[in-house]
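Below: one structure, written as structure tokens.
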Amino acid sequence: MFHIKRNDTSPSISCSIDIGGTAVDLTGTDVKFIMRKEGASAATVAAAAVVVSALGGIVRYDWQAADTAIAGLYAVEWEVTFSGGTKRTFPQDGYLYVNVLSDLA
């Protein structure tokens, strides 16, 4: 679980995209970060992610101010579009979670 305070934009969230422990080659791919608040029907965030290491399968999303404006628990996934147009979503067996915590101010 990734924790961040409401209205914070740092640190970025990153992930290693792999299948059975083997990094997915992200060369020539587009990766989207998708985040949905628990209980909601629509995504709160569906935006381009940064490929940090194509061969290592490392991706990162840099928060925008509106992304963390509402405290709560969010399900997260990374959608990879390969050069041939096929898509695969990670993790494949559930979700990652982001907990946006209320701040004191």
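Only this structure's heavy atoms are used, side chains among them; waters, hydrogens and symmetry mates stay out. Remember, predicted model here, so these are calculated numbers, not experimental data.
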List, one per line, each side-chain donor-acceptor pair under 3.5 Å for residues 74-84, sequence neighbours excluded.
from  : atom 1 : to    : atom 2 : distance (Å)
Tyr74 : OH     : Ile70 : O      : 2.6

Can you give the donor-acceptor pairs under 3.5 Å from side chains of residues 39-56 to other protein atoms, not counting sequence neighbours?
from  : atom 1 : to    : atom 2 : distance (Å)
Ser53 : OG     : Gly56 : N      : 3.1

Sequence neighbours excluded and cut-off under 3.5 Å, please list the side-chain donor-acceptor pairs for residues 21-30, or say none.
from  : atom 1 : to    : atom 2 : distance (Å)
Asp25 : OD1    : Thr27 : N      : 2.9
Asp25 : OD1    : Thr27 : OG1    : 2.6
Thr29 : OG1    : Leu26 : O      : 2.7

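Applying the side-chain hydrogen bond (donor to acceptor under 3.5 Å, both in side chains) rule to Asp67 yields the partners Tyr61; only residues at least two apart in sequence or on another chain are considered. In this structure, the side-chain contact (heavy atoms from CB on, under 4.5 Å) partners of Ser102, at least two apart in sequence or on a different chain, are Ala71. With sequence neighbours excluded, the residues satisfying side-chain contact (heavy atoms from CB on, under 4.5 Å) with Pro11 are Phe2. Under the side-chain hydrogen bond (donor to acceptor under 3.5 Å, both in side chains) criterion, Ser12 pairs with Asp62, sequence neighbours left out. Arg88 pairs by the salt bridge (Lys or Arg N to Asp or Glu O under 4.0 Å) definition with nothing, not counting sequence neighbours.
In the hydrophobic clustering, where aliphatic and aromatic side chains (Ile, Leu, Val, Met, Phe, Trp, Tyr) are joined below 4.5 Å either directly or transitively, Leu104 stands alone. Using a 4.5 Å cut-off between side-chain heavy atoms of Ile, Leu, Val, Met, Phe, Trp and Tyr, Tyr95 falls into a hydrophobic cluster with Met1, Leu73, Tyr97.
Hydrophobic clustering of Ile, Leu, Val, Met, Phe, Trp and Tyr side chains at less than 4.5 Å, counting indirect connections, unites Val31 with Met35.
In this structure, the side chains of Val98 and Leu96 stay at 4.5 Å or more apart for every pair of heavy atoms. Side-chain contact between Ile19 and Phe90: present, with at least one pair of heavy atoms (C-beta onward) separated by less than 4.5 Å. Residues Lys37 and Val100 have side chains not in contact (no heavy-atom distance under 4.5 Å, counting atoms from C-beta outward).
Thr68 and Trp63 make their closest contact through CG2-CE3, 4.0 Å (heavy atoms, listed as atom of the first residue, atom of the second, distance).
One finds the CZ atom of Arg60 at 12.0 Å from the CD1 atom of Ile13 (value rounded to the nearest 0.5 Å). With values rounded to the nearest 0.5 angstrom, Asp8 atom CG is found 13.5 Å from His3 atom NE2.
The salt bridge (Lys or Arg N to Asp or Glu O under 4.0 Å) contacts involving residues 45-56 comprise nothing, where partners must be two or more places apart or lie in separate chains. Residue pairs satisfying the salt bridge (Lys or Arg N to Asp or Glu O under 4.0 Å) criterion with at least one member in residues 94-105, sequence neighbours excluded, are listed as follows: Arg6-Asp103.
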